[in-house]
Amino acid sequence: MAINPISLNVGAVSEANQSAVTPYKAQKTFSNFLKDAINQVNDAQIQSDNLTKKMALGENVELHDVMIASQKASITLQATMEVRNKVVEAYQEIMRMQV
């Protein structure tokens with residue numbers, strides 16, 4: 001069985017993308033992506049806090065729902081912190097490069 005190589009015209013793709021996307025648009029898109037991601041982490045934290053408060057006040061909430069929301073909030077926050085750490089590390093590495 002023969003395997004055919006995949007040929008990509010990288011030059012044409014990058015030229016087309018560069019003409020369509022300006023640095024300003026790319027920066028705005030990335031900025032909006034980061035804001036949305038941070039808002040999702042914040043929403044998970046708020047939901048976890050609300051369920052925990054309801055549980056403490058004796059309202060009708062299931063324990064497993066509280067625990068799932070708490071773990072979800074914890075994991076999203078940990079993942080966000082790891083991404084932040086990697087970004088800071090990459091920035092520091094770039095700053096150490098000699099030009």
Side-chain angles (χ1 to χ4, degrees):
M1 176 167 99
I3 299 175
N4 296 326
I6 299 173
S7 63
L8 297 174
N9 190 354
V10 177
V13 172
S14 63
E15 289 173 11
N17 286 340
Q18 287 178 356
S19 64
V21 178
T22 64
Y24 176 76
K25 287 181 186 177
Q27 186 178 19
K28 280 301 218 186
T29 302
F30 185 69
S31 172
N32 289 338
F33 173 77
L34 285 178
K35 285 179 188 176
D36 291 342
I38 291 172
N39 284 336
Q40 288 176 357
V41 172
N42 189 40
D43 291 343
Q45 293 287 330
I46 291 171
Q47 181 183 10
S48 173
D49 288 344
N50 288 340
L51 286 175
T52 303
K53 285 178 187 176
K54 286 180 182 180
M55 182 82 157
L57 293 174
E59 294 183 22
N60 189 15
V61 279
E62 298 291 331
L63 176 61
H64 65 274
D65 290 335
V66 176
M67 294 306 297
I68 289 171
S70 174
Q71 286 298 310
K72 186 177 178 181
S74 175
I75 289 170
T76 55
L77 183 61
Q78 288 176 1
T80 302
M81 294 302 294
E82 286 299 321
V83 169
R84 181 201 60 117
N85 292 342
K86 290 293 182 181
V87 168
V88 169
E89 185 179 316
Y91 173 78
Q92 289 172 344
E93 186 67 29
I94 290 171
M95 297 316 310
R96 279 184 248 146
M97 287 183 181
Q98 293 182 359
V99 180

Only counting residues at least two apart or in another chain, list the ones meeting side chain to side chain donor-acceptor pair (under 3.5 Å) with Arg84. none
Tracing side-chain links under 4.5 Å among I, L, V, M, F, W and Y, which residues wind up in one group with Val87? Val83
ILVMFWY clustering at 4.5 Å (side-chain atoms), partners of Met95: Tyr91
For Thr80 and Val41, the nearest pair of non-hydrogen atoms, with its separation, is OG1-CG2, 3.1 Å
The criterion is side-chain contact (heavy atoms from CB on, under 4.5 Å); which residues satisfy it with Glu93, sequence neighbours excluded? Arg96
Validation: residues 31-40 side-chain donor-acceptor distances under 3.5 Å, sequence neighbours left out:
residue : atom : partner : partner atom : Å
Asn32   : ND2  : Lys28   : O            : 3.3
Asn39   : ND2  : Lys35   : O            : 3.2

Pairwise side-chain contact, Pro23 with Gln27, heavy-atom cut-off 4.5 Å (strictly under): no
Under 3.5 Å, side-chain donor or acceptor atoms of residues 51-70 against the rest of the protein: list the pairs with distances, not counting sequence neighbours.
residue : atom : partner : partner atom : Å
Thr52   : OG1  : Ser48   : O            : 2.8

